[in-house]
Every structure is written in structure tokens, then in C-alpha cells.
Amino acid sequence: MKKLSLIQRIVEQGVVAVLRGKDANDVVEMAEQAIAGGIKVIEVTMTVPSALGAIEKLVSKYSSSTEDPEKFAIIGVGTVLDPETARSAILSGSEFVVGPSLNPATIALCNRYRVPVMPGVMTIKEIQEALELGVDIVKLFPSSSPSMIKAIKGPLPQANIMPTGGVMLDNLGEWISSGAVAVGIGSDLTSDALKKGDYSLIANRASQYVQAFKAAKNSVSQ
């Protein structure tokens with residue numbers, strides 16, 4: 001049941017912070033600012049040196065099961081290329097796994113341990129294969145236009161799609177109205193903070209994304 005609950009909460013939160021940094025401490029600080037700003041789903045990419053250490057630090061501080069809003073966050077791992085990396089991340093506390101491509105062995109491992117897995121896909125064929133492998137949410141990557149989701153939803157209306165890349169504040173509403181169940185935000189969340197050396201800007205940007213997502217969901221439900 002935990003897997004289903006996590007998937008539901010990820011969809012409810014709607015915005016996933018995809019974090020890359022120079023080291024584990026850097027990413028932990030980014031994550032803390034994103035969480036303070038209201039983004040409660042954090043994806044630490046395996047391109048970060050000592051990424052597993054960052055996941056362990058975040059998991060020790062935040063929990064997906066707490067009722068305390070200041071301590072609630074769902075911590076996952078991204079840029080997972082193989083099942084070995086996925087298993088290491090799960091043992092480090094990762095609650096979901098995201099990959100840049102469709103890797104059946106990684107999906108099988110995550111299903112075995114009842115961990116949500118979101119593989120990267122681009123084509124109808126890949127999405128169909130992911131669904132047949134038991135994937136609940138696919139990561140549309142790279143994503144360039146909300147019209148991509150509308151096109152996919154024609155033959156595959158049952159697919160739950162999370163675009164990553166190409167999602168900005170000014171077009172987030174279009175992605176949601178096109179059928180995205182959640183969105184992944186990367187450099188647009190952190191680039192300004194990195195340029196200015198002020199990580200508190202991440203919290204401000206995160207808050208803007210959360211508000212934009214809520215407004216988009218309210219608009220769709222009306």
C-alpha cells in the first residue's frame with residue numbers, strides 16, 4: 001500500500017524538484033530551500049557526486065509519513081541508468097526512482113521492492129512498453145511542448161505523464177491542462193540562485209511554482 005500512497009502523494013504535490021549540484025552538501029542545501037518554498041517532492045540526480053549521501057541526509061531530516069508540514073517531503077533519486085544504482089538508492093532511503101530512459105531491468109527491480117519508478121520515454125512505443133511493465137507514471141523526457149501530451153493521450157489516454165524539461169512558470173498551466181499529472185522542474189528552479197550565490201532564491205522560486213500548479217489544477221477542475 002505504501003507504493004500506491006506515495007504515487008498518490010506525488011500526484012497531489014504535483015511539482016518535482018530535479019536537483020543537480022557540485023556535491024552532496026550543495027544539493028542538500030538546494031533541497032532544503034525548495035522544501036521551505038513548498039516543493040515537497042525532491043529528486044536527487046545520480047550525476048551529483050556522493051548523491052546517495054545527500055539522499056541519506058535528506059531522508060534523516062524529512063519524512064513522507066509525517067503530518068508535520070515542515071518535516072514532510074518525499075525524497076527520490078533521478079538519472080538512474082541501471083538496477084544496481086536503483087537498489088543502492090533504495091537502500092539509502094530513496095522512495096521513488098526516476099530514469100532518463102526506459103530500462104526494463106530497473107523497472108523490474110523497483111516493482112519487486114514496491115518502489116514507484118518513472119522511466120524516461122519519448123515515443124508511443126516506449127510508453128506502451130512501460131505500461132506493460134507495470135509503470136504507473138512515465139517521465140516525458142525531453143519534453144518540448146504541451147501538445148506532446150495531447151498527442152500521446154489520443155492513443156494512450158490511460159498513460160500518466162510527467163514532463164521534465166521544457167516546463168516553465170509561464171507554461172505550467174498549459175502542461176496541466178494538456179493532461180500532465182505532475183511536472184519536473186530542473187534548472188529553472190536553481191539557475192538564478194546559483195548565478196547570484198543566494199540559495200534563498202530557490203525557496204522563492206519554489207513557492208511560485210507551487211502556486212502556479214495549484215492555480216492550474218483549480219482551473220482544470222472547474
Side-chain angles (χ1 to χ4, degrees), residues 3-20 34 38-43 45 74 76-81 96-104 106-107 110-111 115-191 205-206 208-222:
K3 176 186 175 183
L4 298 178
S5 175
L6 280 171
I7 292 170
Q8 182 178 4
R9 300 195 84 172
I10 289 170
V11 171
E12 287 173 352
Q13 293 296 319
V15 181
V16 179
V18 182
L19 301 180
R20 305 179 189 277
I39 294 180
K40 301 295 188 174
V41 187
I42 304 297
E43 176 188 327
T45 64
I74 302 170
V77 63
T79 321
V80 173
L81 305 180
F96 65 90
V97 173
V98 182
S101 61
L102 182 65
N103 184 288
T106 299
I107 294 169
C110 291
N111 286 341
V115 173
V117 57
M118 293 172 264
V121 296
M122 286 187 66
T123 67
I124 294 292
K125 182 177 184 298
E126 288 177 326
I127 296 171
Q128 180 177 331
E129 183 178 354
L131 294 175
E132 291 169 353
L133 290 168
V135 171
D136 295 288
I137 300 174
V138 294
K139 169 186 172 181
L140 185 61
F141 178 79
S143 52
S144 58
S145 169
S147 62
M148 296 174 68
I149 293 184
K150 289 184 177 180
I152 293 167
K153 286 284 191 176
L156 296 174
Q158 72 274 29
N160 296 315
I161 302 169
M162 179 182 75
T164 300
V167 181
M168 310 288 284
L169 270 175
D170 60 1
N171 69 6
L172 188 150
E174 295 179 57
W175 286 105
I176 299 303
S177 64
S178 295
V181 297
V183 295
I185 310 297
S187 60
D188 191 54
L189 179 65
T190 60
S191 59
R205 194 68 167 170
Q208 291 176 317
Y209 267 105
V210 170
Q211 294 305 314
F213 174 77
K214 289 180 179 178
K217 290 295 286 185
N218 288 336
S219 178
V220 169
S221 62
Q222 290 177 356

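Given the structure is predicted, the values throughout are model-derived calculations rather than measurements. Numbers here are sequence positions counted from 1.
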### Task
Begin with the C-alpha distance, continue with both residues' side-chain angles, and end with the deciding distance and a verdict on side chain to side chain contact (heavy atoms under 4.5 Å, CB included) for Val117 and Val80.
CA-CA 10 Å; Val117 57; Val80 173; over 6 Å; no
Heavy-atom distance under 4.5 Å between the side chains of [X] and [Y], does that happen here?
{"X": "Ile107", "Y": "Leu102", "result": "yes"}
{"X": "Lys139", "Y": "Ile161", "result": "no"}
{"X": "Glu129", "Y": "Pro104", "result": "yes"}
{"X": "Glu43", "Y": "Val77", "result": "no"}
{"X": "Pro100", "Y": "Leu81", "result": "yes"}
{"X": "Phe96", "Y": "Met118", "result": "yes"}

Side chain to side chain donor-acceptor pair (under 3.5 Å) involving [X] - partner list, sequence neighbours excluded:
{"X": "Ser147", "answer": "Ser145"}
{"X": "Gln158", "answer": "none"}
{"X": "Gln211", "answer": "none"}
{"X": "Thr106", "answer": "Asn103"}

### Query
Would Ile42 and Ile74 satisfy side chain to side chain contact (heavy atoms under 4.5 Å, CB included), going step by step from the backbone distance to the final call?
CA-CA 6 Å; Ile42 304 297; Ile74 302 170; over 6 Å; no
### Query
So which pairs with a foot in residues 173-190 pass salt bridge (Lys or Arg N to Asp or Glu O under 4.0 Å), sequence neighbours left out?
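Checked against salt bridge (Lys or Arg N to Asp or Glu O under 4.0 Å) - neighbours excluded - the pairs reaching residues 173-190 are Asp188-Arg205.
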### Query
Do you know which of Val18, Val183, Ile185 makes side chain to side chain contact (heavy atoms under 4.5 Å, CB included) with Thr164?
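The residue from Val18, Val183, Ile185 that satisfies side chain to side chain contact (heavy atoms under 4.5 Å, CB included) with Thr164 turns out to be Val18.
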### Query
Stepwise, does the side chain to side chain contact (heavy atoms under 4.5 Å, CB included) test hold for Leu6 with Lys3?
CA-CA 5 Å; Leu6 280 171; Lys3 176 186 175 183; 5.8 Å; no
So which heavy atom on [X] is nearest to which on [Y], and how close?
{"X": "Ala159", "Y": "Lys153", "value": "O-NZ, 2.6 Å"}
{"X": "Tyr209", "Y": "Leu172", "value": "CD2-CD1, 3.5 Å"}
{"X": "Phe213", "Y": "Val15", "value": "CB-CG2, 3.7 Å"}

### NZ (Lys150) with more than 12 external heavy atoms under 6.0 Å
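Count not over threshold, so no.
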Just verifying a value: how many Å separate [X] [atom1] and [Y] [atom2], rounded to the nearest 0.5 Å?
{"X": "Leu140", "Y": "Thr123", "atom1": "CG", "atom2": "OG1", "answer": "10.0 Å"}
{"X": "Ile39", "Y": "Leu19", "atom1": "CD1", "atom2": "CG", "answer": "8.5 Å"}
{"X": "Ile152", "Y": "Ser143", "atom1": "CD1", "atom2": "OG", "answer": "9.5 Å"}

### Task
Give a yes or no answer on whether the side chain of Ser219 reaches the backbone of Ala215 with a donor-acceptor pair at less than 3.5 Å.
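No, Ser219 side chain to Ala215 backbone: no donor-acceptor pair under 3.5 Å.
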### Task
Please list, chain by chain and in numerical order, all residues satisfying side-chain contact (heavy atoms from CB on, under 4.5 Å) with Ala182, sequence neighbours excluded.
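Once residues adjacent in sequence are excluded, the partners of Ala182 under the side-chain contact (heavy atoms from CB on, under 4.5 Å) criterion are Met162.
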